[in-house]
Amino acid sequence: ELEKLGVIKKKDLFLNSFEILVKLRVFSEDENLDLYRHNVHKEFTEAHIGEVKRLVESHIDAGVRAALTGLTAYSIDDESTMDIDDALAVEIAGAQYKFSVFIADVASVIGEGRPLDVEAVKRSSSIYLPSGKIPMLPVELSENLLSLKSGCDRAVLCYEFICDSSFNILEKNIEKALINVKYRLS
């Protein structure tokens, strides 16, 4: 009614409501309201946390995988990134090059349709904000068990490309593998 009378604009009413919530310490002055608008969950439920504890405590069977732990693999995520999920390796054999791109294999740990899988699909990715990060997966997994940290054997999906000296692709292959990152590029 106040808006119809020209006393207050809808935008001002919104700002006043926001200011009240800041004063009540429900929100901070820098609260990202888009997270609420898009129903982004910042925390994981107790069911998710329980599943993480079971996964961390249990033995993870990586299944049948190509043993590529002897390759010199380099992680390629930014140096500030803790959830390292990408790595590379290059091998030269005569006039051919073999490029391997590794992606952390989340499915080797989290079963399809499990609560964490369903939540990860809803989140679709981690969200990086100036004030912090909202992870797609709990950090106990993304920054530890699934992270391609140097010196740790990890399950990955491997995309291999064999090229000639002009970098024409001669062969390509996708396989499940086990790697051990040797160095972190950043």
Side-chain angles (χ1 to χ4, degrees), residues 1-58 60 73-88 101-150 152 154-159 174 176 179 181 183-186:
E1 290 297 318
L2 295 175
E3 185 178 14
K4 288 180 184 176
L5 296 172
V7 175
I8 193 167
K9 294 180 183 171
K10 191 173 188 176
K11 178 182 173 187
D12 293 335
L13 182 60
F14 170 76
L15 289 176
N16 288 334
S17 300
F18 181 76
E19 289 170 4
I20 291 167
L21 291 170
V22 169
K23 287 181 181 178
L24 291 172
R25 295 187 176 154
V26 173
F27 291 153
S28 71
E29 289 181 8
D30 299 321
E31 196 74 32
N32 188 331
L33 297 180
D34 284 332
L35 298 176
Y36 295 96
R37 287 185 190 109
H38 296 286
N39 198 27
V40 174
H41 299 203
K42 294 181 183 180
E43 305 298 326
F44 290 92
T45 67
E46 289 299 320
H48 296 137
I49 301 305
E51 187 175 1
V52 168
K53 287 178 183 174
R54 284 189 299 282
L55 290 171
V56 170
E57 291 170 1
S58 66
I60 304 302
Y74 301 84
S75 65
I76 57 171
D77 292 278
D78 183 81
E79 79 178 50
S80 64
T81 301
M82 299 304 294
D83 52 348
I84 304 163
D85 58 0
D86 304 302
L88 298 173
V101 178
F102 308 107
I103 309 294
D105 188 359
V106 175
S108 70
V109 176
I110 301 172
E112 186 176 357
R114 301 284 306 152
L116 278 174
D117 177 53
V118 172
E119 185 64 19
V121 168
K122 283 181 191 173
R123 292 179 182 224
S124 75
S125 73
S126 295
I127 300 173
Y128 295 89
L129 303 166
S131 59
K133 175 178 83 168
I134 301 172
M136 181 175 79
L137 294 168
V139 295
E140 296 86 354
L141 295 178
S142 64
E143 295 181 9
N144 291 300
L145 192 60
L146 292 169
S147 186
L148 303 181
K149 295 178 177 181
S150 297
C152 299
R154 294 291 190 250
V156 295
L157 295 176
C158 175
Y159 301 86
I174 300 174
K176 293 180 177 182
I179 66 165
V181 169
Y183 302 101
R184 182 171 183 173
L185 293 182
S186 45

- Message: Run L137 and D83 through side-chain contact (heavy atoms from CB on, under 4.5 Å) and show every step you take.
- Response: CA-CA 10 Å; L137 294 168; D83 52 348; over 6 Å; no
List the residues meeting side chain to side chain donor-acceptor pair (under 3.5 Å) with [X], not counting sequence neighbours, and say none if there are none.
X: T45; result: H48
X: N144; result: K149
X: E140; result: none

- Is the OH atom of Y128 crowded by more than 12 outside heavy atoms at less than 6.0 Å? yes
- Message: Between E119 and R123, does any NZ, NE, NH1 or NH2 come within less than 4.0 Å of an OD or OE carboxylate oxygen?
- Response: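 Yes, R123 and E119 are salt-bridged.
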- Message: D86 vs I103, test: side-chain contact (heavy atoms from CB on, under 4.5 Å). Steps then yes/no.
- Response: CA-CA 5 Å; D86 304 302; I103 309 294; 3.2 Å; yes
- Taking the six-membered ring for Trp, are F27 and Y36 parallel (under 30°), tilted (30 to 60°) or perpendicular (over 60°)? tilted
Measure across [X] and [Y] and return the closest heavy-atom pair with its distance rounded to 0.1 Å.
X: A87; Y: V181; answer: CB-CG2, 4.1 Å
X: F44; Y: P138; answer: CZ-N, 3.5 Å
X: S142; Y: S147; answer: O-CB, 3.4 Å

Would you compute the distance between atom [atom1] of [X] and atom [atom2] of [Y] and round it to the nearest 0.5 angstrom?
X: N32; Y: I134; atom1: CG; atom2: CD1; value: 7.5 Å
X: L33; Y: H38; atom1: CG; atom2: NE2; value: 10.5 Å
X: K133; Y: S80; atom1: NZ; atom2: OG; value: 9.5 Å
X: L145; Y: S108; atom1: CG; atom2: OG; value: 7.5 Å

- side-chain contact (heavy atoms from CB on, under 4.5 Å) partner of S75, chosen from L88, I84, L185, I179: I84
- Query: What's the verdict on side-chain contact (heavy atoms from CB on, under 4.5 Å) for R184 and T81, showing C-alpha distance, side-chain angles and the deciding distance?
  - Reply: CA-CA 11 Å; R184 182 171 183 173; T81 301; 4.1 Å; yes
- Query: Are any non-hydrogen side-chain atoms of I110 and L141 less than 4.5 angstrom apart?
  - Reply: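 Result yes, sub-4.5 Å side-chain heavy-atom pair found.
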- Query: When you measure from the side chain of D85 to the backbone N and O of L146, does any donor-acceptor pair fall under 3.5 Å?
  - Reply: no
- Message: For N39 and H41: C-alpha separation, side-chain torsions, deciding distance, then whether side-chain contact (heavy atoms from CB on, under 4.5 Å) applies.
- Response: CA-CA 6 Å; N39 198 27; H41 299 203; 3.7 Å; yes
